[in-house]
Amino acid sequence: MVDPDTPTTSFIHQIVRADIADGKNAGTVVTRFPPEPNGYLHIGHAKSMCLNFGIAHDFGGSCFLRFDDTNPDKENREYVRAIQTDVRWLGFDYTGHLTHASDYFDQLYVWAVELIDHGKAYVCSLSAEEIRATRGTLTKPGESSPYRDRNVTENLDLFARMRSGEFTDGAHVLRAKIDMAAPNINLRDPTLYRIRHQSHQHTGDLWCIYPMYDFTHPLSDAIEGVTHSLCTLEFEDHRPLYDWILENVSVPCRPRQIEFSRLSLDHTVMSKRLLTTLVDAGHVSGWDDPRMPTLSGMRRRGYTPSSIRTFCNRVGITKKDQRIELSALENCIREDLERIAPRRLGVLRPLKIVVENYPEDQSEEFTVPNHPGDSTMGTRTLAFCREIWIDESDFMEHPPAKFFRLAPGREVRLRYAYYITCSRVIKDNSGRVTELRCHYDPDSRGGGTADGRKVKGTLHWVSARHALDAEIRLYNPLFSVADPRAETDFDFHDFLNNESLVTLGKTKVEAAMEQHSTGECFQLERLGYFCVDPDSATDRLVLNRTVALRDSRPKTHT
RNA sequence: UGGGGGAUCGUCCAACGGUAGGACUGCGGACUCUGACUCCGCCAAUACAGGUUCGAAUCCUGUUCCCCCAGCCA
């Protein structure tokens, strides 16, 4: 599924279009989305998915979901499962195109042997430290390994014994024989295989040697007939190695690697290492914490798949470093929810109002629309009685200019109900306002009067007698600075926002929300968009605020 | 100081030798039973210096700044 407004003008689209025009790959287009199952997918992965599945869709090709699972140390099945869930949730169908790099281990081994046979790879018995020490630096060439000129027979024998489990981890590696003096460090005899006596999430204990990314990736692409291998900028330096592998192994086709810039979002981090740390250290409740930029976190927060796709398409594909403002993302989800979210009334920080001229034993109901702009969404019933709750922030004893809400002597409208005027303010010993006394105008039933007088302020409210208790969780950015990693002496602890989660335990929402199901979304009028958190139960309602409504008020009131 | 990339409104994207345009943000205004939505308007950019050309964001030369690379991670 791809949005109708998907841009088809990125530089990658232009390259693909040109390749097709040139008759390359017999006019076919095959891409792949290759996550490593070592963590959950995040919004940056969504950008990659939209690109890869999008290109395949736009040119009538196909896109593989391929697990890049060559490092058993870090990968596990929970991640594999979560990734599949997230890809499908985002709206991409990989039926018949689900693969693993580890599916190709046999073929990869054969190709490694082919390299050895041709004198293009050798078994190196240096330790990891020794290899590092002889690699040279950015400005100094490396030195050849003493094992560089091992003969083919010996290499073949050693490599076979590596596979059979004869050696301990780290005893040997297989290296490509390229150029220890190459200015590109990736070409200084890169490691192709390492020994890991470690069981693998997909292949179990079949292997004790595992191929490296640089060897595996181009070959997996070739096996799958990938025509355009799209990856992020940090792999640009690896392209010569990618091409070297394809040129020196008898592959069925020649994929082309093209790089684009990765996505950075203000006030969060996108590196899996950091996200893993946040989870492991308990700074968040898990990978699906609504503050996380992960797809599972955003889903729980209330983001819709289409809002995320729209965002990715809007952000575009270039080679320029991107740093996107949060407002761009928030705008996308507001746009979506504005259309589809049923309206409800709820109160975050309840302040009691007693409507003194409304009879104690009376109550009544109003039938109100679920969406003022979309009558097909139906209606619901709102109950009213003598005691109601409004939000604390909707009253000020000494209001500044342009405060349209309640104040002593002021008349406001209770949404869909009545006009009320504040007649008395009741405070506790500390001077805090604890209750308001008001009177209502019976002629304003439904929210308007025959005299047509203007009432500027309209407040959300709930009937105290009928309201439901709820817990509402408000979210703010995880980090207090836009780009925590740009800070000198970066230690993310210094920039964690300790107000990223604000839990309001005593909120009141209208009775219509008694029936709820996880993930359901609403707009609480004037407050924002909310969704039902999985922590809810039949007798407990927990709401996450997905995003607040835009606020064009002159000053900052909350 | 090696190699690989990148520089267009505050942010993101477009313009592919011919009027620098759009989105987000910000600021005004209209409308409004959500200070929402919607609508209208405004502010705001070609890193710098030369050159080629009738004409340059685009081509050439030089400079500056930013990002990535020294895993048996991906």
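In this text the structure is predicted, and so the values were computed from the model without any measurement. Numbers restart at 1 for each chain; the letters A, B, ... are given by sequence-line order, proteins then strands.
- The shortest distance between the side-chain N/O atoms of A/T9 and the OP1/OP2 oxygens of B/A14 is not below 4.0 Å.
- Ring pair A/H217/A/Y213: centre-to-centre distance below 6.0 Å.
- Under 4.0 Å is where a charged nitrogen must lie from a carboxylate oxygen, and between A/R526 and A/D391 no such pair does.
- Residue A/S261 places none of its side-chain N or O atoms closer than 4.0 Å to OP1 or OP2 of B/G6.
- The phosphate of B/G35 (OP1 or OP2) has no side-chain N or O of A/R415 nearer than 4.0 angstrom.
- The side chain of A/N331 approaches B/U25 more closely than any other nucleotide in the set B/G35, B/G6, B/U25.
- Nucleic acid contact class of A/A128 (heavy atoms, under 4.0 Å, all strands): base.
- With pairs defined as Watson-Crick or G-U wobble and both atom distances under 3.5 Å, the stems of at least three pairs that touch RNA chain B come out as B:2-7 with B:64-69, B:10-13 with B:21-24, B:26-30 with B:38-42, B:47-51 with B:59-63.
- Nearest nucleotide to the A/I131 side chain, out of B/C24, B/A74, B/C72: B/C72.
- Contacts of A/R339 with the nucleic acid, taken as non-hydrogen atoms under 4.0 Å apart, are absent.
- In the set B/A70, B/A74, B/G5, the nucleotide with an atom closest to the side chain of A/M212 is B/A74.
- You'll find a donor-acceptor pair under 3.5 Å spanning the side chain of A/R405 and the base of B/G35, going by distance alone.
- Residues passing the ring-ring contact (aromatic ring centres under 6.0 Å, His included) test with A/Y416, sequence neighbours excluded: none.
- Residue A/T70 has a polar side-chain atom (N or O) positioned under 4.0 Å from OP1 or OP2 of B/A74.
- Within the 4.0 Å cut-off from OP1 or OP2 of B/A70, not a single side-chain nitrogen or oxygen of A/R188 is found.
- Nucleotides B/A74 and B/C59 place their C1' atoms 39 Å apart, quoted to the nearest Å.
- Nearest to the side chain of A/T318, among B/C12, B/C13, B/C68, sits B/C13.
- Side-chain nitrogen and oxygen atoms of A/R334 include none within less than 4.0 Å of the OP1 or OP2 phosphate oxygen of B/C37.
- A salt bridge is defined here as a Lys NZ or Arg NE, NH1 or NH2 lying under 4.0 Å from an Asp or Glu carboxylate O, and A/R161 with A/E166 meets this definition.
- In textbook terms, a nucleotide whose glycosidic angle is within 90° of 0 is syn, and B/G71 is one such case.
- The structure places CD of A/Q523 at 11.0 Å from CZ of A/R334, a figure rounded to the nearest 0.5 Å.
- Place A/T139 and A/K320 on RNA chain B by their nearest nucleotides, and A/T139 ends up nearer the 5' end.
- Considering only the side chain of A/R135, B/A70 comes nearest among B/A70, B/C13, B/G35.
- Contact check on A/K272 versus A/E36 returns no salt bridge, with no Lys/Arg side-chain nitrogen under 4.0 Å from an Asp/Glu carboxylate oxygen.
- Contact between the side-chain N/O atoms of A/R314 and the OP1/OP2 oxygens of B/C24 is not found at any separation under 4.0 Å.
- Within the 4.0 Å cut-off from OP1 or OP2 of B/U34, not a single side-chain nitrogen or oxygen of A/R344 is found.
- Contact check, A/R262 against B/A74: no side-chain N or O comes under 4.0 Å of OP1 or OP2.
- Residues A/E236 and A/G170 each lie close to RNA chain B; by heavy-atom proximity, the contact nearer the 5' end of the strand is made by A/E236.
- For A/K454 and B/U32, a side-chain-to-base donor-acceptor distance below 3.5 Å is absent, hydrogens and geometry of angles not being considered.
- Residue A/E36 places its side chain closer to B/A74 than to any other of B/A70, B/A36, B/A74.
- Classification of A/D73 and A/R194 as a salt-bridged pair fails, no side-chain N sitting under 4.0 Å from a carboxylate O.
- We find the CD1-CH2 distance between A/I353 and A/W389 to be 10.5 Å, quoted to the nearest 0.5 Å.
- Here the options are A/F67, A/Y210, A/W207, the test is ring-ring contact (aromatic ring centres under 6.0 Å, His included), and the partner is A/H200; only A/Y210 passes.
- Base contact: A/Q523 has a heavy atom under 4.0 Å from a base atom.
- Looking at the side chain of A/E325, the nearest of the listed nucleotides B/C69, B/G10, B/C67 is B/G10.
- Nearest to the side-chain atoms of A/D237 among the listed nucleotides B/C69, B/C13, B/A74 stands B/C69.
- Within 3.5 Å, no donor on the side chain of A/H460 pairs with an acceptor on the base of B/A36, nor the reverse.
- Out of B/G71, B/U34, B/A74, the shortest distance to the side chain of A/D68 is found at B/A74.
- The side chain of A/E338 approaches B/A36 more closely than any other nucleotide in the set B/C72, B/A36, B/A74.
- OP1 or OP2 of B/C73 lies within a sub-4.0 Å distance of a side-chain N or O belonging to A/R194.
- Among the protein residues, A/H217 comes within range of no part of the nucleic acid, since none of its heavy atoms lies under 4.0 Å from any strand.
- Here the two rings, on A/F215 and A/Y193, have centers that are under 6.0 Å apart.
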